[in-house]
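This report concerns only the one structure given below.
Given the structure is predicted, the values throughout are model-derived calculations rather than measurements.
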Amino acid sequence: MALGLGPLTVVQPMGVASLLFALPIAATLHGRRPSTSELGAAAVVAAGLVGLVLLVPESDVPVRLEPRELFTLLGVSGAAAVLLWAGARAAAPAWRAALLATASGVLYGATATLVRVLVDGGWNWAYLLALPVPALLALVMLQRAYSVGHFGVSFAALQIADPLTAVAFGALLLGEPLPTGLAPVAAAALAAAGTVALARTTPLESRPPRAGTPT
């Protein structure tokens, strides 16, 4: 629904806000309160997201994706995912989780681009049939990343790779406008820095859930 109302350059970065909900949920499951560093990182993420939403210009460009651009979308995202997956096979566990989650984020970014085209650019059966391919591969990659452990690393990598990929595809393939100047760069840097800091400061896998909590 959101992708039918707004451009990728606004909607996909807002997915990072899931970190702000994951923070209290994780703390509750582990029987603790969010730390000061976690709250500070969450505030930085929120500030960056607010800045991005306020600075992205309105888009009045018709949403269209030509067939050759569809192949570009699937080819670039697929090739990137394969390279990341190949690199993950020989990497240490933390890096393996990060690379697999990044591959998932790239594929989810491609999925979001296709959804944007379908809901706002008109139904196209070829694009509809293509949609499950990156979506299912993204799900598989993400579950493999989570199975490695290092949930915080995986989640942060996903939340950075997904919006960056979607924004790039939105700008390059759909012609969505990007904000200019240093202010949006600073806002994006705040959101990314807060995401990484939150992943590093939240001990999501270091403490067992409290007694009686489903696992």
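- Around the CG atom of Leu182, the shell of radius 6.0 Å holds no more than 12 heavy atoms that belong to other residues, nucleotides or ligands.
- The shortest heavy-atom contact between Ala88 and Arg96 is O-CG, 3.1 Å.
- Taking hydrophobic clusters as Ile, Leu, Val, Met, Phe, Trp and Tyr residues chained together by side-chain heavy-atom distances below 4.5 Å, Val117 does not share a cluster with Leu129.
- Glu176 places a side-chain N or O within 3.5 Å of a backbone atom of Leu8 that can act as its donor or acceptor partner.
- A continuous path of Ile, Leu, Val, Met, Phe, Trp and Tyr side chains, each step under 4.5 Å between heavy atoms, connects Leu65 with Val115, placing both in one hydrophobic cluster.
- Note that the CE atom of Met141 and the CG atom of Leu136 stand 12.5 Å from one another [nearest 0.5 Å].
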Are Leu174 and Phe169 close enough, and set up right, to give a side chain to side chain contact (heavy atoms under 4.5 Å, CB included), and what steps lead you there?
CA-CA 7 Å; Leu174 304 184; Phe169 283 144; over 6 Å; no
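- Sorted by first and then second residue, the side chain to side chain donor-acceptor pair (under 3.5 Å) pairs with a member in residues 99-113 form an empty list; sequence neighbours excluded.
- In this structure, Leu100 and Trp85 have side chains that are in contact, with non-hydrogen atoms separated by less than 4.5 Å.
- Considering Thr165, Leu164, Leu83 as possible partners of Val106, the one that fulfils the side-chain contact (heavy atoms from CB on, under 4.5 Å) test is Thr165.
- For Val148 against Pro93, the heavy-atom pair with the smallest separation is CG1-O, 3.3 Å.
- The shortest non-hydrogen separation linking Ala145 to Ala97 is CB-O, 3.6 Å.
- Between Arg64 and Glu69, every side-chain heavy-atom pair lies at or beyond the 4.5 Å cut-off.
- The minimum heavy-atom distance between Ala101 and Ser154, with the atom names listed, is CB-O, 3.2 Å.
- Following chains of ILVMFWY side-chain contacts shorter than 4.5 Å, one cannot reach Leu118 starting from Met1, and the two form parts of different hydrophobic clusters.
- In the hydrophobic clustering of this structure, Val76 groups with Leu131; members are Ile, Leu, Val, Met, Phe, Trp, Tyr whose side-chain heavy atoms approach within less than 4.5 Å, directly or through other members.
- In plain terms, the two heavy atoms of Ala2 and Val11 that are nearest each other are O-CG2, 3.5 Å.
- Hydrophobic clustering of Ile, Leu, Val, Met, Phe, Trp and Tyr side chains at less than 4.5 Å, counting indirect connections, unites Val45 with Leu39.
- Taking CG from Leu173 and CZ from Arg116, the interatomic distance works out to 13.5 Å, rounded to the nearest 0.5 Å.
- Of the inter-residue distances, the one linking Ile160 atom CD1 with Asp162 atom CG reads 11.0 Å to the nearest 0.5 angstrom.
- Using a 4.5 Å cut-off on side-chain heavy atoms (C-beta onward), Leu114 and Leu128 make no contact.
- Among all heavy-atom pairs drawn from Leu158 and Pro163, the shortest one is O-CD, 4.1 Å.
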